There are 2 protein chains.
Amino acid sequence: MKNVAALAGVGIKTVSRVINGEPNVSAVTTARVRAAADSLDFHPDLHARNLRRADGRSSTLGLLVGSVGNPFSGAMHRAIEDLANTRGVAVFASSLDDDPDREEVAVSAFLRRRVDGLILTTVSKSQGYLLPELRRGTPLVFVDREPAGVEADVVVSDNAAGAAAATRHLLSSGHRRIAFLGDRTDIQTAQERRRGFLEELGRAGVATADIPVITGLHDEDAANRALIALLESEHPPTAVFSSQNLITIGAVRGLRELGLHRTIALVGFDDVPLADLLEPGITVVAQNPSEIGRLAAERIFARLDGDRSAGRTYVVPTELITRGSGEMRPK
Amino acid sequence: MKNVAALAGVGIKTVSRVINGEPNVSAVTTARVRAAADSLDFHPDLHARNLRRADGRSSTLGLLVGSVGNPFSGAMHRAIEDLANTRGVAVFASSLDDDPDREEVAVSAFLRRRVDGLILTTVSKSQGYLLPELRRGTPLVFVDREPAGVEADVVVSDNAAGAAAATRHLLSSGHRRIAFLGDRTDIQTAQERRRGFLEELGRAGVATADIPVITGLHDEDAANRALIALLESEHPPTAVFSSQNLITIGAVRGLRELGLHRTIALVGFDDVPLADLLEPGITVVAQNPSEIGRLAAERIFARLDGDRSAGRTYVVPTELITRGSGEMRPK
DNA sequence: TCCGGTTCTGACATCGATGTCACAGTTTGG
DNA sequence: CCAAACTGTGACATCGATGTCAGAACCGGA
């Protein structure tokens, strides 16, 4: 900026005025400054500006997700970006791989960069470490999973209700022996989905004692192996509820390997790409990651705009999409 | 930092020394400063540091992709993030939706934030506007598509060779009338793939005059409709080469709608999730987005570490994965 | 005891911008 | 015609950190 000022033969403050469109600069001066800035390819330093500015905003958001490589996170990220873009806010994203140790490190990296707000998919046991930051006024929104030990805005899918709907769907086709394939139990949504599943069975009067409930599956392979073992056991289920997309894919592979994909019913939680082109198509309870992202960003910006209301939980509904795999009746 | 210094009863420079692990601070003072910093939940301001620091690095990278919601970009993003993480560098990502107007705006937003390097998927006609930045020493890596008017590192898939391999594969099954479904011709990779396709036909001595070459398809729907029109025409092709993943999906849907998915051969460029579970499985020429991302990040950091060699183009090989759809012979 | 060399520490300028304020020159209104 | 108000401009402090430098306290050796 100093260089621009020197080249234009004006004071740096006048350059600042031109760059920021402040009034009271003559047309001639403005033109001279513009020309100088262009010829030097000048881009104002947002961080330096932020340092002095009254509101101290960095026009930056931090996003913590499972992995930026996963479609659910990607869709959320995109929705957040779209809203942030309209305000000139840039988004940092960081992948956690559901590893609690990385959570606090990643948050700290964002805080050091003075993000205006944080949108996070929780992994660790407690988010108490965020309390000082919350008190400092940094808007916080938890997405996909509910936090522990912090009161803030939360945007989640209706996990229990979605799981219940999936279960009800299988029950209504006459299934009674429905296997549950679940993710690691330290993941909050995994618990919720299991709860929804079991409660729905309870409501239907199905004894849950000998229902196969398998948890701790965190990838395709584990799900695949678990399902095969189950189907080869003495009392195989007639239907399967796979409570996460990778698990669903693992389950589909397992069913195909045993040639049972037209025999055993399957409903998955979370949509899977191309699920409609498989034979049979995979029936799923779909989440709405774009809507989750959009809402989260909306909350952040509302807080930045001065909303001081108490933290609220926003529940985004899930949708049962029937495609064939979930409508087969028990043999 | 001033507050920490006051609370610990030392000068701010001493706090700076403790935070940065500089030598010559007594154990007692260090402990006092640490305690004060903890009790105030102090996070040093990276931007302020960056302002004064000799190297002027912001520990930040800018990434421009098609869309953070698309799996190809996601995989690339993830690989870049993983490498960046090992150096404490955070990554900004921005989606362009292949819209040239957004490119320069997004780059400018990154430049204002003083990113240490830029990794970009080019959309606009010319990247000449980046020359001043390049001269200034900001490392630039172009990924997926080659730039125009700028000499820098480039990491791309072997588009022409991949397309040629796909074409060869179809030719070897006896197909002669192979349709080409392509993306917008202003996208550089789309051109390359078309070139690879046509050249391979030429090498095989197939007259390209009456080969259906359709371009300008940018989404599933357009591809779907184009293929259906083609198959219902007077001289339908016996095989299809769909040169991009959304086009492949649209083509698969088209074939199914007409009941021709076991009759017309199909090879796609770019892998598609769950392609192996379809019937028939989709034969594709797969790219390696993780490797592209990894290489790009590696180049950026090499430049930051002082590599001054001339810009080079790195070509990441593609891989033909046969799954059924590409191995059907013409009827 | 005194000297030179460490070790520890803080005052101050600085990075690139903005906020405040003072000041000169130009209008405007009575 | 002069005071008041407005317009256009730049000097300087400031944001939160680090780099420089100088000074105080302490050390060991002659």
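Every chain is numbered from 1 and lettered A, B, ... according to where its sequence line falls, protein lines coming before strand lines. Everything numeric in this text was worked out from a predicted model, so none of it was measured.
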Picking from C:dA17, C:dT20, D:dA17, the nucleotide nearest the side-chain atoms of A:Pro44 would be C:dA17

Look at all strands and tell whether B:Arg114 reaches a base, only sugar-phosphate, or nothing, counting heavy atoms closer than 4.0 Å. sugar-phosphate

Kindly determine whether B:Arg49 and B:Asp45 satisfy salt bridge (charged side-chain N to carboxylate O under 4.0 Å, His left out), including the steps that lead there. CA-CA 6 Å; B:Arg49 154 185 297 176; B:Asp45 185 321; over 6 Å; no

B:Asn20 atom CG is separated from D:dA17 atom C1', nearest whole Å, by 9 Å

On DNA chain D, compare the nucleotides closest to B:Glu22 and A:Val15; which residue's is nearer the 5' end? A:Val15

Hey, does A:Pro23 reach any base, or is it just sugar-phosphate, or nothing, if we go heavy atoms under 4.0 Å? nothing

Under 4.0 angstrom, heavy atoms only, what part of the nucleic acid is B:Asn50 near: base, sugar-phosphate, or nothing? nothing

Can you check whether any acceptor in the base of D:dG16 is under 3.5 Å from a donor in the side chain of B:Lys2, or vice versa? no

Is A:Asp98 salt-bridged to A:Arg145, cutoff N-O under 4.0 Å? yes

Please state whether the phosphate of C:dC8, meaning OP1 or OP2, lies under 4.0 angstrom from any side-chain nitrogen or oxygen of B:Thr29. no

Between C1' of C:dT14 and NZ of B:Lys13, the distance in whole Å: 12 Å

Please check: side-chain N/O of B:Arg113 versus main-chain N/O of B:Ala109, any donor-acceptor pairing under 3.5 Å? yes

Walking DNA chain C from its 5' end, the first of B:Thr30 and B:Leu51 to be reached, judged by nearest nucleotide, is B:Thr30

Over 60° means perpendicular and under 30° means parallel, so classify the ring planes of B:Phe92 and A:Phe92, tilted if in between. parallel

Between B:Ala48 and B:Ile12, which has a closest nucleotide on DNA chain C that is more 5'? B:Ile12

Starting at CG of B:Asn24 and ending at P of C:dG10, how long is that distance when rounded to a whole Å? 13 Å

Give a yes/no answer on whether the side chain of A:Ser26 brings an N or O atom under 4.0 Å of OP1 or OP2 in D:dG8. no

Give the rounded distance in Å between these two atoms: NE2 of A:His47 and C1' of C:dG16. 12 Å

May I ask you to verify whether the side chain of A:Arg17 and the base of C:dG19 hold a donor-acceptor pair under 3.5 Å? no

So which of A:Thr122, A:Asn159, A:Val155, A:Val156 actually passes side chain to side chain contact (heavy atoms under 4.5 Å, CB included) with A:Glu146? A:Val156

Interatomic distance where NE2 belongs to B:His43 and P belongs to D:dA17 [whole Å]: 12 Å

Between D:dT18 atom C1' and B:Met1 atom CE, what is the distance in whole Å? 8 Å

Across the strands shown, which category fits A:Asp45 at heavy-atom distances under 4.0 angstrom: base, sugar-phosphate, nothing? sugar-phosphate

Determine whether B:Ser58 and B:His47 make a side-chain contact, defined as any pair of heavy atoms from C-beta on separated by less than 4.5 Å. no

Using a cut-off of less than 4.0 Å, is there contact between a side-chain N or O of A:Ser16 and OP1 or OP2 of C:dT18? yes

Mind calculating the distance between CZ (B:Arg113) and C1' (C:dA17) to the nearest angstrom? 15 Å

Shortest side-chain distance from A:Arg52, nucleotide among D:dT18, C:dT9, D:dA13: D:dA13

For the side chain of A:Arg49, counting heavy atoms from C-beta on, which of D:dG10, C:dA17, C:dT9 is nearest? C:dA17

